[in-house]
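Single-structure report; data block below.
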Amino acid sequence: MTRLPEEVHYNKAFGWAAKDSSGVLSPFNFFTRETGEKDVTFKVLYCGICHSDLHMVKNEWGNSIYPLVPGHEIVGEVTEIGCKVQKFKAGDRVGVGCMVGSCHSCDNCINNLENYCPKMIFTYGTKYYDGAVTHGGYSNTMVVDEHFVVSIPENLPLDATAPLLCAGITVYSPLRFYGLDKPGLRVGVVGLGGLGHLAVKFAKAMGTNVTVISTSPSKQKEALENLGADSFLVSRDQDQLQDGIGTLDGIIDTVSTQHPLLPLLGLLKSHGKLVILGIPGKPFELQVFPLIQGRKLIGGSMIGGMKETQEMIDFAAEHNIKTDIEVIAMDYVNTAIDRLLKGDVKYRFVIDIGNTLRPSS
């Protein structure tokens with residue numbers, strides 16, 4: 001039986017929540033549990049706005065629980081730790097991504113793939129072990145099991161690091177898993193948004209030759225001069241597509257709207273891999289013959305386990321990889337969501353929680 005939050009949670013907290021499927025966010029008071037023996041409690045300083053937040057606040061995936069406090073790209077400073085916490089202390093810079101719990105005993109968990117655990121608990125909008133609904137980083141404080149907390153190196157700015165906890169690991173993990181991280185490989189990146197621009201940065205840092213694939217010719221200068229891509233291909237230009245046939249070892253597809261896969265498969269070499277990261281509203285149409293001809297692969301991926309997430313953060317620190325962000329105040333969040341729906345951000349909104357979130361009455 002689900003228990004009321006006030007029955008299992010003890011500490012007052014505040015943030016902004018969607019109260020219904022209109023998706024409009026407004027101030028919201030709630031409770032967090034007390035710091036448990038293996039918990040890390042931290043003050044939230046910054047939280048990125050992920051495209052999945054938009055789907056959740058509007059219940060577009062049909063599983064939202066209201067009131068819903070979004071946010072799973074969260075960074076802050078530790079204020080309290082439990083008596084059995086070993087990795088963190090008060091004052092540490094930490095981050096939390098898309099999950100705050102898993103079973104710890106299935107094959108996935110044992111192999112550091114908590115993100116694929118059947119009992120994985122999302123950072124917000126999911127019932128926790130105690131029956132209470134989890135709330136995310138559009139709030140002043142988080143209480144999280146230390147296993148699901150990562151350490152943020154001192155040389156990474158917290159605001160530009162926050163989106164790495166979702167967008168960063170979402171592109172880093174498939175580059176590693178599908179073997180597209182080898183120097184000299186030719187890797188395509190479809191879409192130059194929140195995920196895409198980070199895919200370019202990580203792939204370049206791994207030593208690959210990167211081609212940005214976009215419907216927008218206007219993004220060529222940004223891709224080549226600012227992000228360091230090696231080449232640019234307009235996916236609506238048939239001549240460019242023809243010239244690119246069979247030139248790529250792999251493609252990271254970050255686009256979340258419906259788009260044709262056949263032209264992308266044509267760009268792959270034999271044994272090439274097309275990795276889907278976006279979640280379109282409608283199923284893809286797939287022709288099998290292009291897969292058979294060349295023994296090509298279409299795969300998918302989502303975030304990463306905790307070990308790999310820390311590895312990604314450390315890699316970002318070593319190679320000075322930061323998200324391109326626009327920092328906003330908490331009370332600008334509804335406008336930011338409207339702009340994100342229109343693609344009007346370069347490339348990730350980050351809420352300045354620490355300086356702009358104020359308690360509601």
Side-chain angles (χ1 to χ4, degrees), residues 48-56 58 60-61 73 98 163-164 166-175 177-178 180 186-204 208 210-220 222-224 226-227 229 231-238 240-241 244-245 247-268 272-287 290-291 296-303 323-324 337 339-349:
I49 300 179
C50 177
H51 204 278
S52 59
D53 296 346
L54 277 64
H55 294 295
M56 288 296 292
K58 294 178 179 293
E60 292 177 352
W61 291 335
E73 299 178 338
C98 300
L164 297 182
C166 175
I169 187 60
T170 296
V171 298
Y172 180 90
S173 185
L175 285 167
F177 178 79
Y178 288 100
L180 300 177
R186 299 181 62 88
V187 176
V189 175
V190 184
L192 203 58
L195 270 66
H197 90 287
L198 286 174
V200 173
K201 292 185 178 187
F202 277 109
K204 284 298 297 179
T208 71
V210 178
T211 297
V212 170
I213 303 165
S214 174
T215 59
S216 304
S218 60
K219 293 186 177 181
Q220 180 169 348
E222 169 71 8
L224 300 179
N226 294 342
L227 296 176
S231 55
F232 186 88
L233 190 157
V234 179
S235 58
R236 292 174 177 170
D237 188 316
Q238 294 304 312
Q240 290 190 28
L241 286 176
I245 286 178
T247 61
L248 300 177
D249 296 287
I251 296 174
I252 301 295
D253 187 345
T254 71
V255 176
S256 59
T257 56
Q258 192 70 25
H259 59 286
L261 298 184
L262 184 61
L264 300 179
L265 290 172
L267 297 174
L268 292 173
K273 303 162 185 175
L274 171 59
V275 185
I276 307 295
L277 303 184
I279 308 175
K282 297 180 180 180
F284 283 113
E285 292 185 3
L286 177 62
Q287 299 183 31
L291 294 178
K296 299 173 183 178
L297 171 71
I298 295 180
S301 186
M302 63 172 285
I303 55 172
T323 318
D324 291 5
I337 286 176
R339 286 179 54 191
L340 182 54
L341 283 169
K342 301 172 184 176
D344 180 24
V345 59
K346 186 182 170 183
Y347 288 97
R348 206 71 159 184
F349 286 117

Exercise for review: With sequence neighbours excluded, tell me which residues meet ring-ring contact (aromatic ring centres under 6.0 Å, His included) with His55.
Suggested key: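 Applying ring-ring contact (aromatic ring centres under 6.0 Å, His included) to His55 gives His51, Trp61.
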
Are [X] and [Y] close enough that some pair of their side-chain heavy atoms sits under 4.5 Å apart?
X      : Y      : result
Phe202 : Leu164 : yes
Ser235 : Val190 : no
Leu227 : Tyr347 : yes

Only pairs under 3.5 Å count here: list side-chain donor-acceptor contacts from residues 210-217, not counting sequence neighbours, and write none if there are none.
from	atom 1	to	atom 2	distance (Å)
Thr211	OG1	Ser231	OG	2.6
Ser214	OG	Ser216	N	3.0

Exercise for review: Mind running side-chain contact (heavy atoms from CB on, under 4.5 Å) on Thr170 and Ser301 for me, showing each step along the way?
Suggested key: CA-CA 7 Å; Thr170 296; Ser301 186; over 6 Å; no

Review point. Excluding sequence neighbours, so at least two apart, what forms side chain to side chain contact (heavy atoms under 4.5 Å, CB included) with Gln220?
Key: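 Leu224, Phe232.
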
Exercise for review: State which residues pass side chain to side chain contact (heavy atoms under 4.5 Å, CB included) with Cys98; sequence neighbours excluded, sorted by chain then number.
Suggested key: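 Counting only residues at least two positions away or on another chain, Cys98 forms a side chain to side chain contact (heavy atoms under 4.5 Å, CB included) with His72, Cys166, Ile303.
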
Check your understanding: Where do Leu286 and Leu265 land on the side-chain contact (heavy atoms from CB on, under 4.5 Å) test, with the steps shown first?
Key -> CA-CA 10 Å; Leu286 177 62; Leu265 290 172; 4.3 Å; yes

Considering all heavy atoms, the nearest [X]-[Y] contact:
X      : Y      : value
Arg348 : Thr323 : CB-CG2, 3.9 Å
Leu262 : Gln287 : CD2-NE2, 3.7 Å
Ile251 : Leu180 : N-CD1, 4.4 Å
Val255 : Asp253 : N-OD1, 3.1 Å
Val234 : Gln240 : N-OE1, 2.7 Å
Ile49  : Glu73  : N-OE1, 3.9 Å

**Study point:** Pairs touching residues 187-198 that satisfy salt bridge (charged side-chain N to carboxylate O under 4.0 Å, His left out), sequence neighbours left out
**Key:**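 Sorted result for residues 187-198: empty, none.
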
Exercise for review: Tell me, with the steps shown, if Leu241 and Leu233 meet side-chain contact (heavy atoms from CB on, under 4.5 Å).
Suggested key: CA-CA 7 Å; Leu241 286 176; Leu233 190 157; 3.6 Å; yes

**Study point:** Separation between OG1 of Thr247 and CG of Leu268, rounded to the nearest 0.5 Å
**Key:**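 These two atoms lie 8.5 Å from each other.
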
Review point. How many angstroms lie between CD in Glu60 and CD1 in Ile279, if you round to the nearest 0.5 Å?
Key: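 Here the rounded value is 11.5 Å.
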
Exercise for review: Carefully, step by step, assess Phe284 and Ile276 under the rule side-chain contact (heavy atoms from CB on, under 4.5 Å).
Suggested key: CA-CA 11 Å; Phe284 283 113; Ile276 307 295; 4.0 Å; yes

Show me the donor-acceptor pairs within less than 3.5 Å that the side chains of residues 191-200 make with the rest of the protein, sequence neighbours left out.
from	atom 1	to	atom 2	distance (Å)
His197	ND1	Gly193	O	3.0
His197	ND1	Gly194	O	3.1
His197	NE2	Asp324	N	3.0

Exercise for review: Decide if atom OH of Tyr178 counts as having more than 12 heavy atoms of other residues, nucleotides or ligands within a radius under 6.0 Å.
Suggested key: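 Yes - once you tally the heavy atoms of other residues, nucleotides and ligands closer than 6.0 Å, there are more than 12.
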
